[in-house]
Amino acid sequence: MSIVVSGIRPTGNLHLGNYFGAIKSFVRMQQEDQCFFFIADYHSLTTHPTPGDLHGNVKNVLVEFLASGLDPEKATLYIQSDVPEVAELYLMLNMNAYIGELERCTSFKEKIRTQPQNINAGLLTYPTLMASDIIIHKAHKVPVGKDQEQHLEMTRTFANRFNRLYNIDYFPEPVAYSFEQNLVKIPGLDGSLKMSKSDNENSAIFLADTAEVIRKKVMRAVTDTGPAEINQPKTQAIENLFSLMNVLSSTETYDHFNELYNTCQIRYGDMKKQLSEDVVRFVEPFSEKIKELHSNGDYLRKVIEMGAEKARISARKTISEVREIIGFKSF
Ligand code: TYM
């Protein structure tokens, strides 16, 4: 049995990218592996949320985890900040992480480009906090989307470095994992390569969206003027619509519109109408459960208390062993 760890930042509602990149694998892995799934609220502090927003978003993610089929009896579901051992391991890992390698991280360079006014130390050391999340439970597999691949590579570097430094085979080497053949990247409706909550609200479809909102978003999705010749390569925006259709519609539907595209007969309006109905059909069961769970405060509290307790047992064990290895020994 493998140990599985993964987390999601509470920065808003969960979208189809989160679902197909990560949660779909969580739901399957909880059946056979020892799983720890958490809400990464320490990580979200890099964006300086208000206390009210932070709390609301943590609740949203918890509710959406449960609505997606995560089972608190099977997997350990917890809030990262309920396990302060994570912060202790993060401090220790930071001592052996080099500024140069942290600065070279793609997601950090991206932040420098997109938000130069808020480049804080938390962003620089984001990979060591993430490594701590993972190795605190001595994980083997980390179900994530394609965008997290480099962070996993850095996690392996930090885990191996610890083992080498203390000459002990203590932390396993965790790998980025997906139940699909490859790591997944769901594109945005606005022509962007990755569906994301932060860039543009209209680029993402959320699990909590109503049918009406979904139809509006899909019908507004970016397209182009249409193919001018047979088998013309698709522009990014059109490629995105087909990628979404590939995961949400039937193979016949995908093939039908692909054929229309390749023979220059496609009408994007028809394609979007079909796609929006397929998205609505997919999202509706989630949004209904989300509504139900939001009003069930007692149950949510119970889930979180149980998760915190289970996660801390595992984390405490690792921290006490790590302290011993490092030389923090009792007299
Ligand atoms: P976050 O919160 O940005 O995203 C959560 C998960 O959703 C995946 N994802 C996507 N997958 C496919 N297509 C998309 N458009 C898309 N958008 C998001 C992400 O790959 C991720 O799996 N650093 C992490 C949170 C984290 C974590 C961890 C993950 C903190 N500690 C330890 C794993 C293990 C993050 O920001 O994900």
Side-chain angles (χ1 to χ4, degrees), residues 3-27 29 35-47 49 57-58 60-61 64-65 68 70 76 78-81 83 86-87 89-90 93 105-108 110-111 122-123 125-156 158-159 174-180 182-200 203-207 240 243-244 246-248 311 315:
I3 299 176
V4 175
V5 173
S6 195
I8 297 211
R9 277 172 307 139
T11 50
N13 291 99
L14 297 185
H15 53 69
L16 292 181
N18 300 133
Y19 182 80
F20 287 105
I23 296 172
K24 192 174 168 203
S25 294
F26 297 2
V27 174
M29 295 174 100
C35 294
F36 295 88
F37 299 128
F38 66 94
I39 301 168
D41 58 348
Y42 282 145
H43 281 277
S44 69
L45 295 184
T46 58
T47 58
N57 284 334
V58 168
N60 282 340
V61 176
E64 291 166 15
F65 266 2
S68 306
L70 291 190
T76 299
Y78 65 99
I79 299 172
Q80 186 186 30
S81 63
V83 185
V86 166
L89 185 57
Y90 163 63
L93 292 180
C105 180
T106 313
S107 58
F108 182 67
E110 177 75 7
K111 293 289 177 197
L123 285 175
T125 57
Y126 193 103
T128 48
L129 181 53
M130 190 158 154
S132 169
D133 293 325
I134 295 168
I135 67 177
I136 194 99
H137 301 299
K138 303 179 81 176
H140 306 108
K141 291 180 188 165
V142 186
V144 282
K146 180 102 183 115
D147 60 326
Q148 299 297 317
E149 211 167 22
Q150 190 184 31
H151 288 150
L152 261 296
E153 212 176 289
M154 294 177 84
T155 299
R156 285 191 288 279
F158 300 138
V175 292
Y177 184 85
S178 169
F179 241 100
E180 313 295 324
N182 298 307
L183 297 185
V184 175
K185 188 189 250 179
I186 300 292
L189 289 171
D190 57 352
S192 59
L193 287 173
K194 189 181 122 187
M195 183 175 282
S196 140
K197 48 202 157 198
S198 39
D199 299 345
N200 172 3
S203 126
I205 291 167
F206 299 100
L207 296 180
N240 288 1
S243 297
L244 289 168
N246 190 32
V247 288
L248 288 148

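For ligands, and for the atoms within them, numbers begin at 1 and follow the listed sequence.
- For Ser81, the side chain to side chain contact (heavy atoms under 4.5 Å, CB included) partners at least two apart in sequence or on another chain are Asp41, Tyr42, Ile79.
- His43 contributes atom NE2, which lies 9.0 Å from atom CZ of Arg9 (distance to the nearest 0.5 angstrom).
- Aromatic ring centroids of Tyr177 and His140 lie 6.0 Å or more apart.
- Atom CZ of Phe26 sits about 3.5 Å away from atom OG of Ser6, to the nearest 0.5 Å.
- Ring-plane geometry between His137 and Tyr78 is classed as perpendicular, the angle between the planes exceeding 60 degrees on a 0 to 90 degree scale with a lower cut at 30.
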Just list the N/O pairs, ligand 1 to protein, that are under 3.5 Å apart, with the distance for each.
residue	atom	partner	partner atom	Å
ligand 1	2 (O)	Arg9	N	2.9
ligand 1	3 (O)	Arg9	NH2	2.7
ligand 1	4 (O)	Asn18	ND2	3.4
ligand 1	7 (O)	Asn18	ND2	3.1
ligand 1	11 (N)	Gly17	O	3.1
ligand 1	13 (N)	Ile186	N	2.8
ligand 1	15 (N)	Ile186	O	2.8
ligand 1	15 (N)	Met195	N	3.3
ligand 1	15 (N)	Met195	O	2.9
ligand 1	20 (O)	Gly145	N	2.8
ligand 1	20 (O)	Asp147	OD1	2.4
ligand 1	22 (O)	Gly145	N	3.2
ligand 1	23 (N)	Tyr126	OH	2.7
ligand 1	23 (N)	Gln148	OE1	3.2
ligand 1	31 (N)	His43	NE2	3.4
ligand 1	31 (N)	Asp133	OD2	2.7
ligand 1	36 (O)	Arg9	NE	2.7
ligand 1	36 (O)	Tyr126	OH	2.8

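- With rounding to the nearest 0.5 angstrom, the CG atom of Leu14 is 5.5 Å from the CD1 atom of Ile8.
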